Amino acid sequence: MSKSYQPFYVLHGASSSLVIDCRENAASILYWGPRLGQETSPEMLALLKIRQEAKGCTEKDAPIALSPEYGAGFIGNAGIQAHHSGRGWGVFSQIQSIVFVDESNQLVITSSCEASSIEIVHSLAIDPKSGVLTATTKITNLGDTLLDVDQCNAPTIPIPLHCDKILGFEGRWASEFQLRNVDRFIGTYLRENRAGRTSHDTFPGVVIHAEKTNESVGEAFGLHLGWSGNHRIRIEEQSVGRAYAQLGELFYPGELRLAPGESYCSPTLYGAHSDNGFSGLSRCFHSYVRSHLTDLRVAEKSKPVHFNTWEAMYFDLEFGHLCELADKAAEVGVERFVLDDGWFKNRNSDNAALGDWFVDEAVFPNGLTPLIDYVNDAGMEFGLWIEPEMVNPDSDLYRAYPEWILRVPHAPLVMSRNQMVLDLTRDEVQEYLFERLDSLLSDNAIAYLKWDMNRDLNQPGDSEGRAVAHYQTLAVYRLLERIRRAHPKVEIESCSSGGGRADFGILRYTDRIWTSDTNDAIDRLRIQKGFSFFFPPEVMGAHVGPSDCHTTGRTISMATRATVAMFGDMGIEANLLEMPCDEFSELKSAVALHKKHRKLIFSGDLMRLDLPSYESGFGITSEDKKEALFSYALIDSQPHSAPGAFRFDGITRESLYEVNIIWPSTPYYYSEGILDAINGAILSGDALMTVGMQLPIMLPQTMLIFHLKAVE
Ligand code: GLA
């Protein structure tokens, strides 16, 4: 068969290039990394990559194709694993056509395997500005019998052997996005998530890097699967001397069966390559989120400071009390007042009422309008908490429709937070939820929904006995999309017991992520750091909690709580009526400071700093590097009597900057030193980066914010 396509295709972004090799039966990535110079041709790369037969190995290695194939003799994990009742398992496809779509800088490669009766479409694009790679694999059943799909991973990414460190993300409730380093080894690094949501413990992202890579220098690949359900991350090093990464959805047995003509498309894999360390990777992802995932209606508005009633009132809602809180919130500078859990019929605790989305007349005899009016009159938007996917056994909804839940019918129901999961794949459930949400939003001036989801899908079966976790995730997306279309002005936050549903898939339908249920500022430093690998600050919900943190019991000063919240989408979640006056006025200054600088925080370039574990720090620099904010935290007692220097990074060496410590208003003062001399000083970027600034003596769990402004 004569080939009507080229042997190689090259896609370029501002700083990255992708070369696809189409010389074999199936396409593969020949190169993905820093932008190649004009003098470098794909043929040169192909020549440099010629391998030989190794001892004890096959004559020729089966390629690490976009979907490596069992039919080609691949003994790693095939990208597509599918069969027609046990037949056609050994996929060996042939490229049929390749189309380059100019506007999207995208390559669409269509292949098919006659014996397996499948068509495969790989789409790969490089975003010109951020350099982010987006890639999907779509499979279609060309046969006339059911096709069982066990796996259909996003395109497989070969990893150069020298990038042999893996930085993964693990965690738990109230401790999400924790970094975990492992050395790659011959064999498989595998993280699997069956939580039925993105999960707290296995964020669908990974960084693969060279040994010496740190925050500012060195090579790293970042991969993220934009999917809010079950997933699998695999990094395999083969003994033959190759490695690859593969991310895809994870299915329960028999979950994905395609009827003749039916298709399945993998979630999008988002990838970035950086030669500028981990922070360089994050800047690529942030830029991509800002230009592709952030809805314009949000991008064009300055993100309001929140007040949330949860840790202030829990279920103890009372109209007068709420109004008093609203007054205080407005006084402190809040711009959006969010009524959390507890506002609907019979919801006095987390034991009952999920599913019954009708305003509780015992608390709000005239509906929500009087409170909304009060909040609006105080100059704030109104937001409302909901958890549409869930139902309590003690609810009118469950009493009326017990068959509406997900379960494994022959096994006892597994409960979590006293709640069960509605089967959103049922049309009547979608209709019920849409009607409830639509009428709440139509009848009330609600500007914002905090969309929660508070349990794993332990038994994601439908009433016909099939596993439906995949379809449930799609159904949630559908409902979100429908609500958004019907109420385009309403902003939505993705919450799932904190950060259990944080990924680029849900970000297509939501505008903010509730990062974690802990408002402990010290724990938040680590959580927010992990989060910042993929997400920019403006989607990171970060609240000032009570002084005695409700999740850890740790007592933390207002100055520190406020500093940590200030660098995200700032909010307050504490009882302002009980807050001592000095704390209240400190909080008010912090909110004002956040507002003054939020434009920079929400558009700037992030530079995390490499510091010992008892410290933490980062900077946010404007694109032109003329202005920057740096945050430094002393988390624990430090080993020396006096600290070392704080070395700034990410600014221009040649520029002169005026340096000021802008927070806290009165830093801890021990003895005469740098605090007496630094404010207003004009210093070169060079000196600030190379020598750094001697830190003042600080108490553990305290922080400083520096402001740098370039001067002519
Ligand atoms: C979850 C959320 C919290 C709060 C409660 C309400 O735990 O993460 O922020 O909204 O539910 O029940």
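Please read these numbers as outputs of a predicted model, since none were measured by experiment. Excluded from the calculations below are hydrogen atoms, water molecules and symmetry mates; all remaining heavy atoms, backbone and side chain alike, are included. Read the numbers this way: they start at 1 and go in the same order the structure lists the ligands and their atoms.
Cation-pi check for Lys529 over Phe618 is not met; the charged atom does not lie both under 6.0 angstrom from the ring centroid and within 45 degrees of its normal.
Every residue two or more places apart in sequence or in another chain that forms a side-chain hydrogen bond (donor to acceptor under 3.5 Å, both in side chains) with Asn308 is listed here: Asp340. For Arg436, the side-chain hydrogen bond (donor to acceptor under 3.5 Å, both in side chains) partners at least two apart in sequence or on another chain are Ser439. Contacts of Asp350 classified as side-chain contact (heavy atoms from CB on, under 4.5 Å), with partners at least two apart in sequence or in another chain: Phe315, Arg347, Arg417, Asn418.
Near ligand 1, residues Trp310, Asp340, Asp341, Trp385, Arg417, Lys450, Asp452, Asn454, Cys495, Ser497, Gly498, Trp514, Asp517 come within 4.0 angstrom through at least one heavy atom.
Between Glu381 and Lys301 there is a salt bridge, with a side-chain nitrogen of the basic residue lying less than 4.0 Å from a carboxylate oxygen of the acidic one.
Remark: of the listed residues Leu322, Leu384, Ile372, Leu322 is the sole one forming a side-chain contact (heavy atoms from CB on, under 4.5 Å) with Phe337.
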